[in-house]
Amino acid sequence: MKIETLIQQTTKSALRELYNFTAEVSEIQIQYTRKDQQGDITVVVFPFIKVSKKSPEKTAGEIGHFLMQKVNVVKSFNVIKGFLNLEIGQNYWIDCLARACSDENYGITAPDEKAETVMIEYSSPNTNKPLHLGHIRNNFLGFSISEILKANGKRVIKTNIVNDRGIHICKSMYAWLKWGNGKTPENSGLKGDHLVGRFYVEFDKHYKAEITELIEKGFSKEEAESKAPSILAARELLVKWEANDAETLNLWNTMNKWVYKGFDITYKKLGVDFDKIYYESETYLVGKEEVLRGVKEGIFHQKEDNSVWADLTEEGLDQKILLRSDGTSVYITQDIGTAKVRYNDYRIDKMVYVVGNEQIYHFQILAVLLDKLGFAWGKDLFHFSYGMVELPSGKMKSREGTVVDADDLIEGMVQVARDMSTELGKLESLSKEEAADTFRMIALGALKYYILKVDPRKNMMFNPEESIDFNGHTGTFIQYTYARIKSVLRKAGENNISVNKTADSISISPKEKDLLVRITLFPGIVEEAGDNYSPAIIANYCYDLVKEYNQFYHEHSILSEPDENQRNFRMALSETVAGIVKKGMNLLGIEMPERM
RNA sequence: GCCCCGGUAGCUCAGUUGGAUAGAGCAACUGCCUUCUAAGCAGUAGGUCAUGGGUUCGAAUCCCGUCCGGGGUACCA
């Protein structure tokens, strides 16, 4: 049993026996004792002075005596105001270490027969432009949350819906037809997604110019936006596409293939993957059918101009368009179809959408629409909404080219990692390939950590200079500590010192105690991260753990410790910390180098 | 207008879901490499937790008001 639970329950008995009061276990507050106080675990007794009718000190003292008698790991206690600080015997901590050290899956829960199946949708790119920093946060979060849920005993299906059709790609297609001069990735030397992205920007440039021109001719802004020749041409392409026009489909296929080839490279570099990829072009018709069924069944209504709407005013939402007057689908139409297809393909207990918080309203509507269409699971969908990424220079706008491109960012970080390692004279003993792989791990680790350490729900500032910092609260620091431990363990192996997991008759220093306590926290941290869908909780824990380890490392010698039991204990501590940190960082999708 | 989200050190972020004297990193300054990796460790300085009230033994945390910032409210996605 966990020590916290044991103390809570015994405190509950104490309250009953001493004061004839029946408390809920959840009312009994247990916390780890502050570092500036004596003791390991603290019971907060303020809430019970009403029932004890005694001073906080007296009450704490009485409960303290009770706990000492009933719980043998409680060795002593002290009382400060209403805080009952318990000292836990050293055997308890050594036992915890032994368990953590010997269990390869410490902190990780494997799925059992009745494990929930969770499908997690993330990434979900449009095929009209390359991935940028915003997508990076999405991909890292989606991947990490998948890993964290797996570690909490869920079955996870990672999925990606590729928005491969729609007005956006038609814009790129039109621009390519009009101004492309037959450019291809091969003859331009550009990565496919970047090439297609250029045409999207090209489109917007012309479109904007046309709007300005029309406004000068006396049109209203709205009229100009809908009457500009470019947008009309793109719309026409969309209609042709939905009508299966061979030439349009051909171009669409070609350009999307360019993009996929580019995406594959970027995904690989990011280290993310998917169990199942859906394409909007393959699901939107299912959505359209569902919408038309809704019309037939009177759930939705069709206006004179043929557009289809859902009236959600009763649900406190607005009117929502589901099909345009020209019959083409909008974003949410596709989402309805994709949801239906997914539930046909898999036995899904929970559907999680990793999508930015600007789409909160969209997913509220989606849940209601699915519910109205009679899908029981609709209202249970979970929109994991994360905050936007801001730059010191302001917001990113892909149409205006003010985005941080994913490929450029990664390449730049690898370069800095290489320069920094060379400057520090590290990795000289490694082969070229090993060194290159380590630079990659360091660069990606720094980037992933920088993004995942902040609470996903909040907007975050991406400062390019800080993100490539390798000192302080960074992924690099954690990787470094891991490599450092590995180095010690390697040396121990060479000297034939075995890690003794059952060390006794040793003395534990305060710093070692801090580490032990921190180690026992790991399983709870994994659980909390799962409950809260928060990689940040894991990230911050790993930092705290290695910070503590480095202090220990600085204060104590390990290999040159003369006492064998003491040495073995420190080896076990080191090995356990390394194991936890590796598991924790892997939950963030961060690899750990053995040397750096 | 209406609806969501946020405001903690100069900057970027934590803060165990209401507990003790609010913590890290960066930036600045000062020490520590003949000793297991100095991408490290130790120290100095830095705070009216936006603001005003309320709830109670106790509030950065919960409730109400105000101010500031962001997002949403499209026949864009």
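Every chain is numbered from 1, with letters handed out A, B, ... down the list of sequences.
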Quiz prompt | Flag for A/T474-A/D469: side-chain donor and acceptor within less than 3.5 Å | solution = no
Quiz item: Closer than 4.0 Å, any side-chain N/O of A/N471 to the OP1 or OP2 of B/C26?
Solution: no
Quiz item: Across the strands shown, which category fits A/Q31 at heavy-atom distances under 4.0 angstrom: base, sugar-phosphate, nothing?
Solution: base
Practice problem: Answer with base, sugar-phosphate or nothing: what part of the nucleic acid does A/R457 contact at a heavy-atom distance below 4.0 Å? | Solution: nothing
Quiz item: With rounding to whole Å, what would you report as the distance between B/A20 and B/U66 at their C1' atoms?
Solution: 32 Å
Quiz item: Which whole number of Å gives the distance between the C1' atom of B/G47 and that of B/A24?
Solution: 15 Å
Exercise. Counting heavy atoms from C-beta on, name the nucleotide in B/U37, B/U17, B/C75 closest to the side chain of A/W309.
Key: B/C75
Quiz item: What about A/D469: does its side chain form a donor-acceptor pair under 3.5 Å with the base of B/A39?
Solution: no
Practice problem: Select base, sugar-phosphate, or nothing to describe what A/I167 touches, counting heavy atoms under 4.0 Å on all strands. | Solution: sugar-phosphate
Quiz item: Across the strands shown, which category fits A/A483 at heavy-atom distances under 4.0 angstrom: base, sugar-phosphate, nothing?
Solution: base
Exercise. May I ask you to say what A/P47 touches in the nucleic acid, namely base, sugar-phosphate or nothing, with a heavy-atom cut-off under 4.0 Å?
Key: base
Exercise. Answer with yes or no whether the side chains of A/Y541 and A/E528 bring together a donor and an acceptor at under 3.5 Å.
Key: no
Self-check item: Distance-only donor-acceptor test (3.5 Å): side chain A/S421, base B/A39
Solution: yes
Practice problem: Please determine if a side-chain N or O atom of A/K303 lies less than 4.0 Å away from the OP1 or OP2 oxygen of B/C75. | Solution: no
Practice problem: Mind checking A/Y331 for me? I need base, sugar-phosphate or nothing, with any heavy atom below 4.0 Å counting as a touch. | Solution: base
Quiz item: Under 4.0 angstrom, heavy atoms only, what part of the nucleic acid is A/M596 near: base, sugar-phosphate, or nothing?
Solution: base
Self-check item: P spacing across the pair B/G52 / B/U8, given as an integer number of angstrom
Solution: 16 Å
Exercise. Using a 4.0 Å heavy-atom cut-off across all strands, classify A/Q29 as base, sugar-phosphate, or nothing.
Key: base
Exercise. Would you mind telling me which of B/A24, B/C13, B/A77 lies closest to the side-chain atoms of A/K547?
Key: B/A24
Quiz item: Roughly, in whole Å, what's the span from CD1 in A/I80 to C1' in B/U21?
Solution: 12 Å
Exercise. Have a look at A/K426 and say if it touches a base, only the backbone sugar-phosphate, or nothing, with a 4.0 Å heavy-atom cut-off.
Key: base
Self-check item: Charged N-O contact under 4.0 Å between A/K511 and A/D514
Solution: yes
Quiz item: A/V44 near the nucleic acid: base, sugar-phosphate alone, or nothing, with a heavy-atom cut-off under 4.0 Å?
Solution: base
Self-check item: Among B/G19, B/A20, B/C13, the nucleotide that comes nearest once only the side chain of A/Q37 is considered
Solution: B/A20
Quiz item: Counting only side-chain N and O atoms of A/R570, is one of them less than 4.0 Å from OP1 or OP2 of B/C36?
Solution: no
Practice problem: Would you kindly say whether A/S123 and A/N139 are connected by a side-chain donor-acceptor distance under 3.5 Å? | Solution: yes
Practice problem: Would you indicate which nucleotide in B/G40, B/U73, B/G70 comes nearest to any side-chain atom of A/N459? | Solution: B/G70
Quiz prompt | Nearest to side-chain heavy atoms of A/Q359, which nucleotide of B/C75, B/A77, B/G40 | solution = B/A77
Quiz prompt | Atom pair distance, as rounded to whole Å: NZ in A/K458 and C1' in B/G6 | solution = 8 Å
Exercise. Using the P atom on both, measure B/C13 against B/A50 and round to a whole Å.
Key: 15 Å
Quiz item: Is a side-chain donor-acceptor pair under 3.5 Å present for A/D318 with A/Y361?
Solution: yes
Exercise. Could you tell me whether A/I537 contacts a base, only the sugar-phosphate backbone, or nothing, with contacts defined as non-hydrogen atoms closer than 4.0 Å?
Key: nothing
Quiz item: Is the ring centre of A/F83 under 5.5 Å from the base ring centre of B/A20, and are the two planes under 30° apart, so that they stack?
Solution: yes
Practice problem: Compare the minimum distances between each of B/A77, B/C41, B/U73 and the side chain of A/N126, then state the nucleotide with the smallest one. | Solution: B/A77
Practice problem: Ignoring backbone atoms, establish whether A/R34 has a side-chain N or O less than 4.0 Å from OP1 or OP2 of B/A22. | Solution: no
Quiz item: Picking from B/C36, B/C76, B/C13, which would you name as closest to the side chain of A/R235?
Solution: B/C76
Practice problem: Consider only side-chain N and O atoms of A/N85 and A/Q38, and report whether a donor and an acceptor are under 3.5 Å apart. | Solution: no
Quiz item: NA contact type, A/Y32, heavy-atom cut-off 4.0 Å: base, sugar-phosphate, or nothing?
Solution: nothing
Quiz prompt | Atom C1', compared across B/U55 and B/G71: separation rounded to whole Å | solution = 31 Å
Quiz item: So, is A/R484 close to the B/A38 phosphate, meaning a side-chain N or O under 4.0 Å from OP1 or OP2?
Solution: yes
Quiz item: Which part of the nucleic acid, if any, lies within contact of A/Q479, taking any heavy atom under 4.0 Å across all strands shown: a base, the sugar-phosphate backbone alone, or nothing?
Solution: nothing
Quiz item: If you measure from the C1' atom in B/G23 to the same atom in B/A9, how many Å do you get, rounded?
Solution: 11 Å
Quiz item: B/A24 phosphate, OP1 or OP2: any side-chain N/O from A/K453 under 4.0 angstrom?
Solution: no
Quiz item: Using atom C1' of each nucleotide, how far apart are B/U44 and B/A27 to the nearest Å?
Solution: 15 Å
Quiz item: So what does A/T481 touch, heavy atoms closer than 4.0 Å: a base, only the sugar-phosphate, or nothing?
Solution: nothing
Quiz item: Is the cationic atom of A/R484 (NZ for Lys, CZ for Arg) positioned less than 6.0 Å from the six-membered ring centroid of A/Y553 and within 45 degrees of its normal?
Solution: yes
Self-check item: Any side-chain donor near an acceptor of the partner, A/T476 and A/Y449, under 3.5 Å
Solution: no
Practice problem: Would you kindly check whether a donor in the side chain of A/S325 faces an acceptor in the base of B/C75, or vice versa, at under 3.5 angstrom? | Solution: yes
Quiz item: Taking the C1' atom of each, how far is B/U21 from B/G15, in whole Å?
Solution: 15 Å
Exercise. Kindly indicate whether the side chain of A/T474 and the base of B/A39 share any N or O donor-acceptor pair separated by less than 3.5 Å?
Key: no
